[in-house]
2 protein chains.
Amino acid sequence: MNGLAHFTAEEIKKARRYAIATPPPDLDPRIGALVHELIGRVADKWTMLVLEVLTEHGELRFTRLSEMVSGVSQKMLTQTLRHMERDGLLVRTVHPVVPPKVEYRLTGLGLTLGAAFCGVWVWASENLDEVEQARRTFDAR
Amino acid sequence: MNGLAHFTAEEIKKARRYAIATPPPDLDPRIGALVHELIGRVADKWTMLVLEVLTEHGELRFTRLSEMVSGVSQKMLTQTLRHMERDGLLVRTVHPVVPPKVEYRLTGLGLTLGAAFCGVWVWASENLDEVEQARRTFDAR
DNA sequence: TTCTATACTTACCAAAAGGAGAGTGTTGGA
DNA sequence: TCCAACACTCTCCTTTTGGTAAGTATAGAA
């Protein structure tokens, strides 16, 4: 009745260390599509990095953020922050002073998303060697 | 000493429901870079969908996969499968018959990655409404 | 002999992503 | 008077992404 029947108990046990819940049954395919769109929007490179530094440092200004998110261009940082604000992941506070001062901090929603990505981050750091080994094997034909 | 000091206990408690571990301290920045590259490689649209259908259905042939991963082109499916094979996420079995028969199934590594993405999937399905509400509010200026 | 099934591969092309660098507005300080 | 500071915004351009459609190989069926 469950889709995991073709895996060994050992494999499933190991997988459970990463799982925080069983996959939702996802009755309505439209929900699936929306969820998938949302994941695509939210799972991109810069969003993940911004999530990470804001979780670590709380509230940051634009220039400070651009220093901490290594390699990001002004254009991409602005774009990413606007999307995240629109999705309710962070709040943008403008202080009407000269020179301008704008602060960004995560909302509760942003914080929980960061936590959800944590599992993927942990997986990646734990399995880095295994992936690299697989690549070497593959590349050697 | 921990970066979560600027959030309320309530927010952190909610976040913990998604977290399966605290973020790794990530001493070496090179590790961080590698992990990030790996996440970027692995977190893309088609990889996530292939992971999902293979977790659900076990072993599948190319044509069957292309039917189940809705919207994927032959080109992208081939490309995604090759990358996943190279990274050790799945095994590709070629049966030397005519017409050709090729089967794909996840490795243990692939299964654990699917589990790790589970948290993000759950977050997305649980918070879909809240994100859509935030967007409406934002778009209304 | 021609058709079908399967799993691709290749060529071509349009669209989207994303980087570099210059420009903007405001005010207090040298 | 001119410059610095900050948070962008805009334009131009290159790179990447991804879709469509056609081609390939092979053996058995019609």
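Quick note on labels: first sequence line is chain A, next is B, and so on, each numbered from 1.
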List every contact pair, protein side and nucleotides 9-13 of chain D side both N or O, where the distance is under 3.5 Å.
unit_1	atom_1	unit_2	atom_2	d
D:dT9	OP2	A:Arg82	NH1	3.3
D:dT9	O4	A:Gln74	OE1	3.2

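B:Glu103 pairs by the salt bridge (Lys or Arg N to Asp or Glu O under 4.0 Å) definition with nothing, not counting sequence neighbours. Scanning for salt bridge (Lys or Arg N to Asp or Glu O under 4.0 Å) contacts around A:Arg86 gives B:Asp139, with sequence neighbours left out.
If you take NZ of A:Lys45 and C1' of C:dA17, they are 12 Å apart, rounded to a whole angstrom. One interatomic measurement links the two molecules: NE2 of A:His83 to C1' of C:dG18, which rounds to 13 Å at whole-angstrom precision. Atom CH2 in B:Trp46 sits roughly 21 Å away from atom P in D:dT16 (whole-Å rounding). Straight-line distance from the CG atom of B:Asp44 to the C1' atom of C:dA16: 16 Å, rounded to whole Å. Residue A:Leu77 contributes atom CG, which lies 10 Å from atom P of D:dA7 at whole-angstrom precision. Computed from coordinates, the A:His95 NE2 to C:dT26 C1' distance equals 17 Å when rounded to whole Å. Per the geometry, CD belonging to A:Glu67 stands 10 Å off P belonging to D:dA7, to the nearest Å. For the pair A:Met76 CE and D:dT16 P, the computed distance is 15 Å after rounding to whole Å.
Across C:dT6, D:dG18, D:dC6, the shortest atom-to-atom separation from the side chain of B:Arg61 is found for C:dT6.
Under the 4.5 Å side-chain heavy-atom criterion for Ile, Leu, Val, Met, Phe, Trp and Tyr, B:Val97 and B:Val102 are members of distinct hydrophobic clusters. Both A:Val94 and A:Leu90 are members of a single hydrophobic cluster when ILVMFWY side chains are connected at heavy-atom separations under 4.5 Å.
Side chain of A:His95 to main chain of A:Lys101: no donor-acceptor pair is present (N/O by atom type, distance under 3.5 Å, no hydrogens or angles). A distance-only check finds no donor-acceptor pair linking the side chain of A:Glu130 to the backbone of A:Asn127 [under 3.5 Å]. With hydrogens and angles ignored, the 3.5 Å screen pairs no side-chain donor or acceptor of A:Glu126 with any backbone N or O of A:Trp123.
In DNA chain C, the stems built from three or more successive Watson-Crick or G-U pairs (distances below 3.5 Å) are C:1-30 with D:1-30.
Pairs of residues two or more places apart, or lying in two chains, never qualify as side-chain hydrogen bond (donor to acceptor under 3.5 Å, both in side chains) while including a residue from residues 71-82 of chain B.
With respect to A:Leu89, the side chain to side chain contact (heavy atoms under 4.5 Å, CB included) criterion is satisfied by exactly one of A:Leu111, A:Leu54, A:Val50, A:Leu113: A:Leu113.
Between the CG atom in A:Leu77 and the OH atom in A:Tyr104 there is a gap of 7.0 Å [rounded to 0.5 Å].
Looking at residues 97-105 of chain B, you'll see B:Val98 sit with a heavy atom under 4.0 Å from some atom of DNA chain D.
A close approach under 4.0 Å does occur between a side-chain nitrogen or oxygen of B:Thr63 and OP1 or OP2 of C:dA7.
Salt-bridge annotation for B:Glu67 and B:Arg64: present, with a side-chain N of the basic residue lying under 4.0 Å from a carboxylate O of the acidic one.
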